[in-house]
Structure formats: structure tokens, C-alpha cells
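Written out below as C-alpha cells is the structure these notes cover.
Chain A is the first sequence line, chain B the second, and so forth, proteins listed ahead of strands; every chain is numbered from 1. Everything numeric here is computed off the predicted structure, so don't read it as measured data.
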Amino acid sequence: MQKLQALRGFRDIFGEEVEKFRLIEGVARRYFGLLGYREMEIPVLEKTDLFVRSIGDATDIVEKEMFTFNDRSGESLTMRPEATAGIVRAYLQAGLYAKERISRLFTIGPMFRHERPQKGRFREFHQLDVEVFGIPDSSLDAELLWMIWLMLTDLGVPSYRFEVNSVGCKGCREAFRSALVDYLRSQEDYLCEDCRARMDRNPLRVFDCKNDQCAQLMRASPLLFDHLCPECRSEFESYLSLLDTFGVPVTVNKRLVRGLDYYTRAVFEVTSDDLGAQKAFAAGGRYDNLVQEIGGPSTPGSGFAIGMERLALLVPAPAGRDRPQFFLAAVGEKASRFIVPLLKAFIQEEMALSYTSGGRSLKSQMKYAAAIKADYVLILGDQELERGSVILRDMKDGSQRDLPLNVESLPQEVRRSIAP
RNA sequence: GUGGGUGUAGCUCAACGGUUAGAGCACCGGGCUGUGGACCCGGGGGUUGAGGGUUCGAAUCCCUUCACUCACCCCA
């Protein structure tokens, strides 16, 4: 192994994966733009406190997964593990709540969590993140799912599942919590070690446990869903009916809970079985108290994040290039002087032209042209210079023809002679 | 943080503890003196991830460490 390499969980991304990223971003920007969402950029680095307060100090992310360090002045800073906290901070700092009644925002960029990498999970990963402020009713939540559904359909993702649930408002959550803890305590002896600890700190998370025995027990446990207050319940009903109107197929998963503390009412996950152990590639929900909790005016919010790496695993490979690729094989010193003028002329006409440098043999240049899958090769050597022409070779069938060697008109000549 | 699997040429992989660590692909050159893909011939390329140990002898066995990978945990 080499000495210099990227940090664990940090990757260089190129080739097809980057093309998929751009494809996903393009589709997202198109639909988001049509629906009135505005793109923004936020810092990668924030004060640690922002994440502790918004994500929750009893969550795994804050407890053991953040890249946190002290800067030169001793202040604790953290590489953002998710985007919501930063967007909320930006929303408050810019005073958007006073300038516009509704803010529809999105951002795309890298996030950082100090976890052990595995399939679909890295320490630096990319999210496409959407946040909306100022809309309290669940029509918004249905709209968000619809946007994701539009994207997935457009991208041709073959199989996925929308799972939705309500985790209730603050009121129903607190009432339920005691009922749940009572149940867990009665079954304490049968719970795994982790869940016994969760019971006090964050009892809802026991629903997430994959331990067979715990999962078995939770099948009989009281459900938050059944303890929703009348308002939350009717809100959820209209949410489901709106999703139906939008045409987004969903399944209700009453055990779905989220790992971040700020969620209220509507929450969802989009999962696929083609992802290995990390099945969720998009998730989000409503957070009606978050803005107020970190010091802003009471403002309802809702949003989601899409994991780019995970979605890219599901997106079919993008189609190849749509324009023909030309290659200039210049043989000899004199012919090489035409490289720069021809490059200028072709690029001016938006025709893709590449070449190799150095006095390589024609054979070697032809080999290279084939390797980069050039569609046509322009051959220019001493013989062509003498007769004032250039050979245009079709690499598919090997047919060749002479074109006049005139830098200004050559791109047009080429275009004419390859036209069907 | 825990566990399993894997580290040999640029890539994919061979090699029972025993000659000078090989093959395919890729690359370069030649056959074809100016034409890619097919074929044939030749060539360059390795600290066998790193460090230690056992042994007459280690890619091979043992220990340590690093990396990759999958899973647990958690999450997008």
C-alpha cells in the first residue's frame, strides 16, 4: 500500500459515479425549481453547540459520530453531520422568517460522520437536503414525498418503498413515553443490553433494535401511533389521503421512528432492498419545534435528505455521450502545427476534438483513438499536407474520405460529411 | 467501538514450506517501413501491504500493525 492515501471513509469519486451524481442533481434542480425551491450553500463547519442542540445530545450522532475539534482559539467546532441544523441557523441568521412567509430551500453537499465504513456508508458522504419553513399542515409533507417520487421515476429507479408514520406532537409523545417505559420495564429481563440502556435515555429507539428478541417484544408493545392526539391523528389521515391524490404509493409503518430528536408528526423513509444493510436512501420528517428550540420564533418546518451515494447505487447507468467524438492524429512536425488552430475551430463549433501530444507514430495514435472510443479520426501527415487535404476516417466501418485542409471551414465540412 | 473476509505487476488472479514469484488483460515495440479492433512474437514492469518471529529455506506458518471490504452498531 502507498503511504499517501485518502483518509478512511473519504473517497475520490470519479467516472460513472460522478456522472450519476450530476444526473441526480440535474433532475432535482429541475423539479425543485418548478416547485419554487431555492438553492443555497451553507458552511461545512459550524459551532459544535448547534448540532448538539438541534440533533439532540442523547443521539448516537452527537455522542460518538461527529468530527469535532478545537480551533486555534479553543472553540469547539464540528464538521456538519447533516444539513438541517445549518439551514435552520442560516434561516434565522438571515431573518428569513420576517422577510417571507414561506421558505422553500435546498442544498447539496458533503456531510461527515465518524463511523466504520461499509456498503453505502462513508465518513464523507453527500446529501441532497430540502427544508421548508412556514407551512404547518401536512399538504407540505405530501408534496415533499411527491417530489422524491418524481425524481425516482424520472431517474428510472426500479424498486423502492415509501414508509410513513407519525411520531406525534410534543404532547402525544410525552404521554406515550411513560406508557412505553412502563411496558419496557415490565419486560426488562428480556431486553438486550443496549435496549435496557435506551429505555431510560431514549425509549423510542428500542423500536429500531434488530435483535430478534427485542423485535419480538416490540411487536406486542404499545405504539405511539395508537396514542396520537385527535389533531395529530386527523392530520395523519389527511396526509395519507393527499399522498393518494398525488399518486405516491406508501405503506404505513407504525414502528418507524427516527434517530434524530427534533422530529414531530409526519416522518418517512424511502428504502430499497438493493442497498445491502443500509436500506434507507432518503428520509425526513417534520420538526415543528426545532426553530424555536434553537432560539428563533415558533416556526413549523419539514424536510428530508437524500443520500447521494446510496441513490447512485440504484440509478441505472447514464446513457453514453450524445455527440460524436473526434480525434486528431497529426503525424510529423509540420502537421502538429495544425493542432492548436484545429482545436480552436472545433471547440468553437462545439465539436469534441482530442489529440495526443508528442511525435507518436500513426499506429500508436490510431490505437489511442480506438481506446478512447473516438467515432471519427482526422488524419493529417506529410502526404495530406502536400495535397492540401485531411483524411476523415469513420472508426465504425473504416471508411475514409478526403476533405480540404482549411482550418476555418473544416468543422463544417466534417459535420456535412458525417450527416446521415 | 466489535466481529468475519481479503491484501502477490497498473487491473483481475495463480503459485504443496523448496529453482530466478507466474498468467491473462493493459502498456511499449515488432510482424504490417502511414492506419485502431483479430492473430503471432518480443519487452518493460514486484520491497508478495508493513514490521518482527519460527525454519537450512517463508508469498505460504506464528505474532503485531496498517489498509480494503462486509456485517454489528447507527444512519442518508
| task | Flag the pair A/Phe236 / A/Phe225 as yes when their ring centroid distance falls below 6.0 Å, and as no otherwise. | result | yes

| task | Sort out the partner of B/A76 for me: Watson-Crick or G-U wobble, both distances under 3.5 Å, none otherwise. | result | none

| Is there a donor on the side chain of A/Gln400 or the base of B/U35 sitting less than 3.5 Å from an acceptor on the other? | yes

| message | Once you apply a heavy-atom cut-off of 4.0 Å, does A/Ile391 come out as touching a base, just sugar-phosphate, or nothing? | response | base

| task | For A/Ala369, report the nucleic acid contact type (base, sugar-phosphate, nothing); a contact means any heavy atom under 4.0 Å. | result | nothing

| task | Report the nucleotide, chosen from B/U35, B/C73, B/C75, that has the shortest atom-to-atom distance to any side-chain atom of A/Ile379. | result | B/U35

| remark: Heavy-atom nearest nucleotide on RNA chain B taken for A/His114 and for A/His126; more 5' hit belongs to A/His114

| said: Does B/C68 have its OP1 or OP2 closer than 4.0 Å to a side-chain nitrogen or oxygen of A/Arg8? | reply: yes

| With a 4.0 Å cut-off on heavy atoms, is A/Asp382 in touch with a base, just the backbone sugar-phosphate, or nothing at all? | base

| task | Return the minimal non-hydrogen interatomic distance between A/Arg104 and A/Gly36, and the atom names on each side. | result | CB-O, 3.7 Å

| Nearest to the side chain of A/Ala277 - B/A76, B/A71, B/G36? | B/A71

| query | Which part of the nucleic acid, if any, lies within reach of A/Phe122 when heavy atoms closer than 4.0 Å are counted: base, sugar-phosphate only, or nothing? | reply | base

| said: Ring-plane angle category for A/Tyr287 and A/Tyr262, please: parallel below 30°, perpendicular beyond 60°, tilted otherwise. | reply: perpendicular

| message | I'd like to know if A/Arg121 reaches the base of B/C73 with its side chain such that a donor and an acceptor end up less than 3.5 angstrom apart. | response | yes

| request: With heavy atoms under 4.0 Å as the rule, sort A/Lys396 into base, sugar-phosphate or nothing. | output: base

| remark: Re B/U64: Watson-Crick or G-U wobble partner, both distances kept under 3.5 Å, found to be B/A50

| said: I'd like to know if A/Lys47 and A/Asp49 make a salt bridge, using a cut-off of under 4.0 Å between side-chain N and carboxylate O. | reply: no

| Do A/Ser166 and A/Arg265 get their side chains close enough for a donor-acceptor pair, meaning under 3.5 Å? | no

| message | Pairing check on B/G18: which nucleotide meets the Watson-Crick or G-U wobble criteria with it, both distances under 3.5 Å? | response | B/C56

| request: Compare the minimum distances between each of B/G1, B/C75, B/G29 and the side chain of A/Arg113, then state the nucleotide with the smallest one. | output: B/C75

| said: Within the 4.0 Å heavy-atom criterion, would you say A/Gly120 contacts the bases, only the backbone, or no part of the nucleic acid? | reply: base

| A/Ala283 or A/Gly276: which one's nearest nucleotide on RNA chain B is closer to the 5' end? | A/Gly276

| message | Counting only side-chain heavy atoms from C-beta out, which of B/G36, B/A71, B/G34 sits nearest to A/Met395? | response | B/G36

| task | Classify the nucleic acid contact of A/Phe125 as base, sugar-phosphate or nothing, counting any heavy atom under 4.0 Å across all strands shown. | result | base

| task | Establish whether the base of B/C75 is bridged to the side chain of A/Glu269 by a donor-acceptor pair shorter than 3.5 Å. | result | no

| remark: For B/G42, the nucleotide meeting Watson-Crick or G-U wobble distances (both under 3.5 Å) is B/C28

| task | May I ask you to verify whether the side chain of A/Glu65 and the base of B/G1 hold a donor-acceptor pair under 3.5 Å? | result | no

| field | Nearest-angstrom distance, C1' atom, B/C16 to B/C72 | value | 37 Å

| Taking the six-membered ring for Trp, does A/Tyr368 stack with B/G36 (centroid gap under 5.5 Å, planes within less than 30°)? | no

| said: Counting only side-chain heavy atoms from C-beta out, which of B/G36, B/C75, B/U69 sits nearest to A/Met366? | reply: B/G36

| query | Considering only the P atoms, how many Å lie between B/G51 and B/A58, rounded to the nearest integer? | reply | 15 Å

| query | Which of the following nucleotides, B/A67, B/G34, B/G36, is nearest to the side chain of A/Ala370? | reply | B/G36

| Does A/Arg393 get its side chain close enough to the base of B/G36, under 3.5 Å, for a donor-acceptor pair? | yes

| query | Is the distance from OP1 or OP2 of B/C72 to the nearest side-chain N or O of A/Gln118 less than 4.0 Å? | reply | yes

| Which nucleotide, in any strand shown, forms a Watson-Crick or G-U wobble pair with B/A23, with both distances under 3.5 Å? | B/U12

| Candidates B/G34, B/U69, B/C28 - which lies nearest the side chain of A/Lys367 | B/C28

| query | On a plain distance test, is the side chain of A/Arg11 in donor-acceptor contact with the base of B/C68 below 3.5 Å? | reply | no

| message | Do A/Glu309 and A/Phe21 make a side-chain contact, defined as non-hydrogen atoms from C-beta onward lying under 4.5 Å apart? | response | yes

| request: Anything under 30° is parallel, anything over 60° is perpendicular, the rest tilted; go ahead and classify A/Phe133 against A/Tyr91. | output: parallel

